[in-house]
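First the structure, in the form of structure tokens, and then the observations on it.
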Amino acid sequence: MTNSVELGELKLPNPLMLASGTWGFGETLPRKILSSVGALVTKGLSLEPRTGNPPPRLSETPCGLVNSIGLENPGFEVFRNRILPRLLALGPPVIVNIFGESEDDFFRLAEGLAETGIAGLEVNISCPNVKKGGIAFARDPEGVFRLVRGLTSVWERFFSVKLSPVGPVEEVALAAEEAGARALTCANTYPAMTVDLSRGTPRLHLGGLSGPAIKPLTLRLVYELSRKVKIPIIASGGIMSARDALEYLSVGARAFQVGTAILIDPEAPRNILSELDVALKDR
Amino acid sequence: MIGARVVSQREVSPGYFLLKLEAPEIAHQARPGQFVKITAWEGRDPLLPRPFSIHEVKDSHLWILYQRRGLGTKLLSKIHRGETVWLSGPFGRPFPLPEEGSVWLVAGGVGVAPFFFYAGVLRTHNIPFRFFYGARSKGDLLRLKHLQSLGKLRIATEDGSLGYQGFVTDLIKVQLEQEDRPKMMVACGPPGMLSAVGQIGEAYGIPTYLSLEAFMACGQGLCLGCVVQRRRGGYLRVCLEGPAVDSREVALDKLS
């Protein structure tokens with residue numbers, strides 16, 4: 001049976017997307033997992049390579065994971081020449097998550113990716129663990145409007161704006177929609193930290209919380225936003241099971257992303273999809 | 001993930017446990033130095049499976065030797081014979097097997113865990129090895145009798161209650177001056193010890209592999225969470241480039 005969904009002009013074979021930064025570039029995952037999903041959203045890509053943040057990069061919290069990877073990635077050139085061809089050959093639409101420290105970085109990435117055969121972009125204005133760019137955009141609806149409007153002049157196809165769950169979320173969402181975003185990814189991780197009590201200092205400061213702990217929070221955000229915007233919402237926040245996904249779909253999400261669940265079990269996307277098939281048949 | 005039946009579990013020393021699992025597929029694939037991930041609880045707290053080096057393998061069984069440290073290992077330590085845990089792996093690069101010459105295995109504390117399996121395989125390949133094992137005190141040395149049956153063993157304890165008094169790193173420095181030097185050293189233990197063994201190996205021109213430990217999420221290169229600093233810049237993923245890496249790749253002063 002088919003569960004295909006349409007996000008504007010982008011048609012996905014099913015509503016499950018692999019979330020950015022949670023599946024590497026697929027090097028170590030079985031092909032059957034990668035090829036079964038609705039779309040592959042790549043790890044955040046910057047123009048230049050980024051080495052990422054020093055360790056510790058992970059901290060576990062009750063039902064959650066705080067990460068501070070710092071957008072480690074090989075940069076545009078290596079990605080386009082050595083990684084992207086392999087991703088495109090997997091089958092599902094490839095959506096490239098782009099990150100910049102300035103508006104111009106985003107525009108140049110979009111231009112560079114225009115002729116590569118990717119299905120769309122996810123514009124990352126919400127990474128909580130970098131000092132420049134990232135979540136700074138999420139506090140500035142006008143800045144988001146300018147960025148998104150600018151992008152529409154260099155990128156004419158599908159793109160989703162990945163929102164931060166904090167800040168003036170609704171204003172940012174409306175600004176992105178008005179400026180021409182085709183979808184919203186709701187949402188990135190929650191800014192979070194953990195403490196090393198033996199030293200009395202932060203263990204991980206610029207962290208982002210993901211996992212089941214955040215699901216009720218992001219669920220509410222998706223519900224609220226879906227009543228404010230007309231463009232499709234892609235839910236992302238603590239989805240571990242088909243039931244979680246159905247909850248998001250029932251409150252207004254058109255598609256959803258699975259992330260932290262993959263780190264626990266790479267089979268999770270396939271399990272969620274087959275459970276979802278059964279659940280949707282029952283309805 | 002697969003379900004693996006717990007064949008047995010016992011506390012071999014206060015706070016240290018030996019777990020025997022039936023997992024034919026993983027046991028057959030496993031190589032010394034690799035690790036598995038285990039979930040031994042229902043629900044989502046703790047959220048992540050825990051990584052453990054493979055202690056020993058025989059036929060369809062594998063053994064894990066671990067220390068009870070946090071919530072994950074506490075829950076695992078309460079699992080009984082006949083129960084099922086969730087297992088995935090094996091992950092990571094195996095320990096190297098030298099073409100010729102001997103290997104010195106240098107273990108600190110519970111870092112001895114992966115060397116039982118390694119020693120067995122070295123023996124099968126007729127590769128000569130010597131075993132150096134350090135701990136705080138006699139009571140902290142794990143599975144000593146079994147270890148002695150595996151091959152030549154030298155012990156160091158910080159309090160001198162057994163063997164050489166001092167750090168195992170001091171003991172190997174003494175031995176390097178007295179004996180034929182090995183073709184390779186492989187070390188597993190706390191970060192300070194690994195850093196010291198790396199420095200010794202480099203000072204004596206002996207290729208040295210350090211089996212690193214890091215808090216880990218996916219265990220297979222997806223999240224980039226378990227990194228250590230690479231000496232020439234950037235980071236190494238403990239789960240993928242390791243756990244055992246050439247000491248010259250690692251920024252030894254940054255190990256923690």
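Throughout, protein chains are lettered first and strands after them, A, B, ... in sequence-line order, and every chain is numbered starting at 1.
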Close side-chain approach of B:Val106 to B:Met193, heavy-atom, < 4.5 Å =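 Yes, close enough: below the 4.5 Å cut-off.
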
Tell me, do A:Met17 and A:Pro93 make a side-chain contact under 4.5 Å, heavy atoms counted?
->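 In short, these two side chains do not touch, never coming nearer than 4.5 Å.
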
Can you tell which part of B:Leu240 gets under 4.5 Å to a heavy atom of chain A, answering side chain, backbone, both or neither?
->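 Contact with chain A: side chain only.
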
Among the listed options [options], the residue most often paired with chain B at heavy-atom distances under 4.5 Å:
options	result
A:Gly211, A:Pro56, A:Pro212	A:Pro212
A:Gly24, A:Cys63, A:Gly64	A:Cys63
A:Gly21, A:Pro54, A:Pro266	A:Pro54

Engaged part of A:Ile264 at the chain B interface, taking heavy atoms whose separation is under 4.5 Å =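 Both parts, backbone and side chain.
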
Closest approach of A:Leu221 to A:Pro165 (non-hydrogen atoms, all atoms of both residues) =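 Looking at all heavy atoms of both residues, the shortest contact is CD2-CA, 3.5 Å.
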
Closest contact, heavy atoms only, B:Ile26 versus B:Gly89 |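 So the two residues come closest at CG1-O, 3.5 Å.
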
Ring pair (Phe, Tyr, Trp, His ring centres under 6.0 Å) pairs, two or more places apart, involving residues 60-83 of chain A |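 Only A:Phe25-A:Phe79 qualify under ring pair (Phe, Tyr, Trp, His ring centres under 6.0 Å).
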
Under the side-chain contact (heavy atoms from CB on, under 4.5 Å) rule, collect the residues that match up with B:Ala107, sequence neighbours excluded.
->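 side-chain contact (heavy atoms from CB on, under 4.5 Å) list for B:Ala107, sorted by chain: B:Val112, B:Phe115, B:Phe131, B:Tyr133.
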
Residues forming a side-chain contact (heavy atoms from CB on, under 4.5 Å) with B:Ala217, sequence neighbours excluded =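 With sequence neighbours excluded, B:Ala217 shows a side-chain contact (heavy atoms from CB on, under 4.5 Å) to A:Leu58, A:Leu65, A:Leu263, B:Leu48, B:Cys223, given in chain and number order.
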
Top residue by heavy-atom pair count (under 4.5 Å) with chain A, among B:Pro49, B:Gly43, B:Gly234?
->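 The residue among B:Pro49, B:Gly43, B:Gly234 with the greatest pair count is B:Pro49.
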
Table up the donor-acceptor pairs between chain B and chain A that sit under 3.5 Å, atom names plus distance.
{"from": "B:Lys37", "atom 1": "NZ", "to": "A:Leu263", "atom 2": "O", "distance (Å)": "3.2"}
{"from": "B:Leu47", "atom 1": "N", "to": "A:Glu60", "atom 2": "OE2", "distance (Å)": "3.0"}
{"from": "B:Leu48", "atom 1": "N", "to": "A:Glu60", "atom 2": "OE2", "distance (Å)": "2.7"}
{"from": "B:Arg50", "atom 1": "NH1", "to": "A:Glu60", "atom 2": "OE1", "distance (Å)": "3.1"}
{"from": "B:Arg50", "atom 1": "NH1", "to": "A:Glu60", "atom 2": "OE2", "distance (Å)": "3.2"}
{"from": "B:Arg50", "atom 1": "NH2", "to": "A:Glu60", "atom 2": "OE1", "distance (Å)": "2.6"}
{"from": "B:Gln220", "atom 1": "O", "to": "A:Thr28", "atom 2": "OG1", "distance (Å)": "2.6"}
{"from": "B:Leu222", "atom 1": "O", "to": "A:Gly24", "atom 2": "N", "distance (Å)": "3.1"}
{"from": "B:Leu224", "atom 1": "O", "to": "A:Arg57", "atom 2": "NH1", "distance (Å)": "2.9"}

Between B:Tyr66 (side chain) and B:Ser77 (backbone), is there a donor-acceptor pair under 3.5 Å?
->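 The answer is yes, because a donor-acceptor pair under 3.5 Å joins these two groups.
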
Tell me, yes or no, whether the heavy-atom count around B:Phe167 atom CZ, taken from other residues, nucleotides or ligands under 6.0 Å, exceeds 12.
->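 No, not enclosed.
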
